[in-house]
2 protein chains.
Amino acid sequence: MGRLKEFDEDKAIDGAVDCFWARGYEATSVRDLAEHMGIGGASLYNAYGGKRALFVTVLERYANRSSRERIARLEATGRPRQAIEAFLAEIIDRSLKDRARKGCLLVNSALDVAPHDAEIGKVVAGYLEEIRSFFQRCIEAGRDAGQIPRNIDAVGVSAHLLGVLLGVRVLARTRPDRALLESVVRPALDLLNRPAMPGTRRKIATD
Amino acid sequence: MGRLKEFDEDKAIDGAVDCFWARGYEATSVRDLAEHMGIGGASLYNAYGGKRALFVTVLERYANRSSRERIARLEATGRPRQAIEAFLAEIIDRSLKDRARKGCLLVNSALDVAPHDAEIGKVVAGYLEEIRSFFQRCIEAGRDAGQIPRNIDAVGVSAHLLGVLLGVRVLARTRPDRALLESVVRPALDLLNRPAMPGTRRKIATD
DNA sequence: ACATTTTTAGAGCAATCGATACAAAATACC
DNA sequence: GGTATTTTGTATCGATTGCTCTAAAAATGT
């Protein structure tokens with residue numbers, strides 16, 4: 001029943017992602033959105049409800065296409081420790097290739113809109129938690145595979161890795177320098193290669 | 001000479017800090033600013049030039065009152081490793097007490113306005129570099145004092161600490177949970193308490 | 001007292017904001 | 001073909017944006 005949609009919904013949402021990603025939520029106008037989505041303002045409100053509702057849709061599209069895709073792809077390799085390393089390496093590469101300085105839409109949203117909008121805040125927190133639990137699964141699998149020391153705390157270190165990841169994405173916005181970003185990450189990766197016994201005096205093997 | 005200013009310049013700038021801090025650059029209107037500064041719109045433009053120029057002034061005030069104050073205070077204690085620990089602990093405490101979820105103005109600006117404004121980007125990058133170099137000085141001083149293992153790379157680990165710090169501030173915006181934030185920080189602090197390279201003969205610090 | 005300089009309040013500028021009203025156009029079902 | 005339903009383009013709503021203009025008010029210098 002009714003007239004058919006004339007625009008490509010996938011391309012429209014991708015256009016909306018580009019808009020919000022490049023300019024941020026507040027700075028993006030409905031007219032900007034409509035233009036980059038290839039539709040009129042009326043169609044935008046008819047199909048997506050409005051700016052805020054569209055933003056939630058955009059967040060999910062972004063999460064599916066970036067972090068969830070990466071998690072699924074790396075986890076499927078069956079090499080847990082290398083998956084963590086590759087995840088962080090890809091983020092650094094993405095940040096350095098990002099000439100427009102758009103950063104990560106989830107991180108941008110976590111600071112820009114999440115604190116002022118409880119619902120969006122929960123959505124963003126959920127996506128970040130997915131990344132942390134990916135790290136946790138990798139650590140646990142790596143322990144079982146003998147790749148990662150048994151005595152490291154999977155929950156705690158996964159939070160550490162998430163924090164380091166977020167730090168990289170923030171720092172890259174003002175200082176996209178490979179040496180700097182790799183320095184941020186390196187100690188976290190070293191942690192996975194050698195035992196950590198905080199507060200315990202331990203002997204070091206001599207060579 | 002002409003007519004004297006009738007408003008308190010310090011209170012006015014503090015009001016502007018509160019505005020930009022709570023709402024972000026774009027979402028803060030000149031009328032909001034003027035109201036919270038206790039002045040009229042004309043006085044704002046007369047005294048500070050406009051919204052953007054005022055924001056640069058606000059950034060400097062914020063940096064002086066928060067990170068620079070903290071760096072000076074902790075560095076003056078003469079206990080480098082504890083200074084690093086206290087810095088991160090204070091950030092966690094601040095993040096948890098921050099009911100309004102304002103976060104850190106410098107971090108917010110690094111994502112919100114810095115990528116779209118080269119001058120402000122350099123200003124923000126400079127303030128972040130001040131924090132990193134504080135960490136570096138602490139590490140070097142701690143090494144000399146025997147508090148911190150000699151074989152850790154002061155420049156690299158200072159970047160790691162800055163990254164962890166930024167990660168904490170981002171994560172706290174959507175998930176202000178003490179256990180989570182302390183997990184982010186803990187491995188970085190452990191790094192300062194024990195050797196980083198397996199197979200290297202060295203002493204364990206026991207302070 | 002007078003001229004000069006600066007600050008102040010208030011009105012108002014063009015532009016843009018998110019959102020909506022309305023009717024023409026396009027489809028499906030009968 | 002007729003009717004119902006949805007999408008579309010256009011025009012526009014009131015509100016708000018950053019900013020400026022004007023003129024009165026308040027200070028100093030002579």
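Order of the sequence lines fixes the chain letters, A, B, ..., with proteins taken first and strands second; residue numbering starts at 1 for each chain. Note that these values count all heavy atoms, side chains included, but never hydrogens, waters or copies made by symmetry.
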(request) Let me know the distance between NZ of K5(A) and P of dA28(C), rounded to the nearest Å. (result) 15 Å
(request) Encode nucleotides 20-29 of chain D as B, S and - characters from 5' to 3', where the letter depends on protein heavy atoms closer than 4.0 Å: B to the base, S only to sugar-phosphate, - to neither. (result) B----BBBS-
(message) Applying the side chain to side chain contact (heavy atoms under 4.5 Å, CB included) criterion to P176(A), which one of L96(A), I92(A), L171(A) satisfies it?
(response) L96(A)
(request) May I ask you to decide whether R70(B) forms a salt bridge with E75(B), counting only side-chain N to carboxylate O separations under 4.0 Å? (result) no
(message) A quick test of your reading: do over 12 heavy atoms of other residues, nucleotides or ligands sit less than 6.0 Å from CD of E90(B)?
(response) yes
(request) Residues of residues 16-38 of chain A with any non-hydrogen atom less than 4.0 angstrom from an atom of DNA chain D: list those, numerically ordered, please. (result) R31(A)
(request) Could you check how far CZ of R52(B) sits from P of dC19(D), rounded to whole Å? (result) 10 Å
(message) Quick check against the 3.5 Å criterion: does R101(A) have a side-chain atom that pairs as donor or acceptor with the backbone of R173(A)?
(response) yes
(message) For residues 154-191 of chain B, which residue pairs pass the ring pair (Phe, Tyr, Trp, His ring centres under 6.0 Å) check, not counting sequence neighbours?
(response) H160(A)-H160(B)
(request) Using atom CG of D8(B) as one end and atom P of dT8(C) as the other, report the distance to the nearest whole Å. (result) 12 Å
(request) Using atom CG of L44(B) as one end and atom C1' of dA9(C) as the other, report the distance to the nearest whole Å. (result) 14 Å
(request) Compute the ring centroids of F20(A) and Y62(A), then answer whether they are less than 6.0 Å apart. (result) no
(message) Out of the candidates K5(B), M1(B), E6(B), only one should pair with R3(B) under the side chain to side chain contact (heavy atoms under 4.5 Å, CB included) rule; please name it.
(response) E6(B)
(request) Report yes if at least one side-chain N or O of S43(B) is closer than 4.0 Å to OP1 or OP2 of dT8(C); otherwise report no. (result) yes
(message) What I want to find out is whether R61(B) reaches D10(B) closely enough, with some N-O distance under 4.0 Å, to be called a salt bridge.
(response) yes
(request) Rounded off to whole Å, could you give me the OH-to-P distance for the Y48(B) and dT7(C) pair? (result) 11 Å
(message) Given 3.5 Å as the limit, does a donor-acceptor pair link the side chain of S29(A) with the main chain of D32(A), or not?
(response) yes
(message) Rounding to an integer number of Å, can you tell me how far I39(B) CD1 sits from dA9(C) P?
(response) 9 Å
(message) How many whole angstroms separate atom CZ of F7(A) from atom P of dA26(C)?
(response) 17 Å
